[in-house]
**Student:** 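I'd like to ask some things about the structure below.
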Amino acid sequence: MMKPEIIRAGKVVLRPKRFEDAEDDYAWRCDAELAELDAATPLMQPFRQFQRYYEDDLKRPSPWSLRLAIDDLDGKHIGNVMCYDINAHFGEAELGIMIGNRDYWNKSFGYHAMAGLIDHVFAATDLKRLYLHTLDWNIRAQNSFRRCGFRSVRTVRRNGRDLILMELTRDFWLENREEKLLPLRQAESLTRRRQHV
């Protein structure tokens, strides 16, 4: 439905996944704290097995998902963002994000990645609604998502955990797009000024 492409979004670049990302992704999926933030259990499979599945996923991507790596402006892989369960019939899809490199936490990298993905999805598709689930105690993530324009809908119980279902409509994004993208534009402007110094 959507082809992976390079998306420049303020402090980050979203790009198609590569086989070389497997090592970072494996480390992040095995990390107990990151798994908990993702409402998952840490990965236990050997790296070689993970690599085989990883390579298969890259060779045969699902048409119902878009998986992108998040790089900083120096090309360092710091996390991943995705749009999945894309349902053109209902006009909706789910989003997910992980900033796996802790050095980039609490510095707006997640906001820039999410805002860049949202803007791309609404520009490239006819989807009317994006939604996500976040743990009810993860206030930091909820605040970042609210900043992007998501609103809380209800609490959902999954695998013994309470998650907040949040949603964002195309209409709301388009009405507030310039405001939501302003921090990205400011970061891009600052980067350009530094490059000319």
Side-chain angles (χ1 to χ4, degrees), residues 1-2 7 9-12 14 25 28-43 62 64-70 78-184:
M1 186 169 197
M2 278 183 289
I7 302 164
K11 297 163 78 169
V12 300
L14 310 181
D25 288 349
W28 296 335
R29 297 267 306 275
C30 292
D31 185 296
E33 182 184 14
L34 294 174
E36 178 62 24
L37 288 169
D38 207 27
T41 53
L43 197 63
S62 164
W64 316 117
S65 69
L66 175 67
R67 299 170 191 269
L68 299 169
I70 305 169
I78 65 169
N80 301 300
V81 68
M82 63 186 296
C83 178
Y84 59 104
D85 290 341
I86 299 170
N87 188 322
H89 180 71
F90 290 112
E92 62 185 25
E94 185 158 6
L95 299 187
I97 185 170
M98 173 186 283
I99 302 295
N101 187 321
R102 289 172 176 80
D103 293 342
Y104 293 82
W105 286 9
N106 300 313
K107 296 175 182 173
S108 297
F109 286 90
Y111 176 83
H112 285 229
M114 189 62 89
L117 178 64
I118 291 165
D119 198 52
H120 174 74
V121 169
F122 282 139
T125 72
D126 294 326
L127 296 179
K128 302 281 187 279
R129 173 181 176 259
L130 298 174
Y131 62 94
L132 53 82
H133 294 84
T134 185
L135 290 156
D136 63 343
W137 52 261
N138 193 344
I139 305 303
R140 183 170 56 92
Q142 291 168 41
N143 287 339
S144 180
F145 298 142
R146 279 194 190 94
R147 208 173 139 211
C148 287
F150 283 89
R151 67 175 190 87
S152 299
V153 178
R154 67 177 176 276
T155 301
V156 177
R157 186 94 174 147
R158 275 193 194 162
N159 302 321
R161 302 170 194 260
D162 288 326
L163 300 125
I164 305 296
L165 169 64
M166 302 181 79
E167 69 176 10
L168 172 64
T169 64
R170 169 188 287 275
D171 289 344
F172 182 87
W173 179 259
L174 293 179
E175 286 170 17
N176 297 277
R177 179 177 182 269
E178 292 310 313
E179 173 201 337
K180 300 301 179 189
L181 293 178
L182 183 60
L184 282 65

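Because the structure is a prediction, the values reported are computed rather than measured. Hydrogens, waters and symmetry mates are skipped; everything else that's a heavy atom, side chains included, is used.
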**Student:** Going by heavy atoms in the side chains, are H120 and L66 under 4.5 Å from each other?
**Tutor:** yes
**Student:** Which atoms form the tightest heavy-atom contact between A93 and L127, and what is the distance?
**Tutor:**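 Result for this residue pair: CB-CD1, 3.8 Å.
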**Student:** First locate atom CG of L168, then atom CG of L95, and finally report the distance between them rounded to the nearest 0.5 Å.
**Tutor:**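 Going from the CG atom of L168 to the CG atom of L95 covers 8.0 Å.
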**Student:** Report the distance from atom OG1 of T155 to atom CZ of R161, rounding to the nearest 0.5 Å.
**Tutor:**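 Nearest 0.5 Å value for the OG1-CZ distance: 15.5 Å.
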**Student:** What's the shortest heavy-atom distance between D25 and N80, and which atoms?
**Tutor:**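 Distance-wise, the nearest heavy atoms are OD1-ND2, 2.8 Å.
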**Student:** Can you tell me how far apart CZ (R129) and OG1 (T169) are? Round to the nearest 0.5 Å.
**Tutor:** 10.0 Å
**Student:** Would you say that more than 12 heavy atoms from the other residues, nucleotides or ligands in this model lie under 6.0 Å from the CG of N143, or not?
**Tutor:**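 Yes, the 6.0 Å shell around CG holds more than 12 heavy atoms from other groups.
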**Student:** Only pairs at least two apart or in different chains count here, so list each side chain to side chain donor-acceptor pair (under 3.5 Å) that has a residue in residues 104-116.
**Tutor:** D72-Y104
**Student:** On a heavy-atom basis, which atom in A32 and which in P42 lie closest, and how many Å separate them?
**Tutor:** CA-CG, 3.8 Å
**Student:** With no hydrogens and no angle check, is any side-chain donor or acceptor of N176 less than 3.5 Å from a backbone partner on F172?
**Tutor:** yes
**Student:** Short question: side chain of R146, backbone of G149 - any donor-acceptor pair under 3.5 Å?
**Tutor:**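 Judged by distance alone, no pair lies under 3.5 Å.
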**Student:** Does the side chain of D162 pick up a donor-acceptor pair with the side chain of W137 at under 3.5 Å?
**Tutor:** no
**Student:** Would you confirm whether R170, through its side chain, and F122, through its main-chain N or O, come within 3.5 Å as a donor-acceptor pair?
**Tutor:**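 At least one qualifying donor-acceptor pair exists.
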**Student:** Can you tell me how far the CZ atom of R154 sits from the CD atom of E167, to the nearest 0.5 Å?
**Tutor:** 8.5 Å
**Student:** Would S62 and R67 count as a side chain to side chain donor-acceptor pair (under 3.5 Å) here? Give the steps.
**Tutor:** CA-CA 9 Å; S62 164; R67 299 170 191 269; over 6 Å; no
**Student:** Looking at CH2 of W173 and CD of E179, how far apart are the two atoms once the value is rounded to the nearest 0.5 Å?
**Tutor:**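 So the gap between those two atoms works out to 9.5 Å.
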**Student:** Answer yes or no: is there a side-chain heavy-atom contact under 4.5 Å between I97 and I70?
**Tutor:**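 Yes; the side chains approach each other to less than 4.5 Å.
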**Student:** Between F150 and F145, how do the two ring planes meet: parallel, tilted or perpendicular, split at 30° and 60°?
**Tutor:** perpendicular
**Student:** So, E92 side chain and N87 main chain: donor-acceptor pair closer than 3.5 Å or not?
**Tutor:**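 Absent.
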**Student:** Nearest 0.5 Å, what's the OG1-CG distance between T134 and L163?
**Tutor:** 7.5 Å
**Student:** Is the backbone of M82 close enough, under 3.5 Å, to the side chain of E94 for a donor and an acceptor to pair up by distance?
**Tutor:** no
**Student:** Between V121 and C83, what is the shortest heavy-atom contact and its length?
**Tutor:** CG2-SG, 4.1 Å
**Student:** Has the side chain of K11 got a donor or acceptor atom that lies under 3.5 Å from a matching backbone atom of A9?
**Tutor:** no
**Student:** Side chains of I7 and D119: does their closest heavy-atom pair fall under 4.5 Å?
**Tutor:** no
**Student:** Which pair of non-hydrogen atoms, one from D31 and one from L34, has the smallest distance, and what is that distance?
**Tutor:** OD1-N, 3.0 Å
**Student:** Which atom names give the shortest non-hydrogen contact between L184 and A115, and what distance separates them?
**Tutor:**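 The answer is CD1-CB, 4.0 Å.
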**Student:** Check whether any side-chain heavy atom of M98 lies under 4.5 Å from a side-chain heavy atom of R29, and answer yes or no.
**Tutor:** no
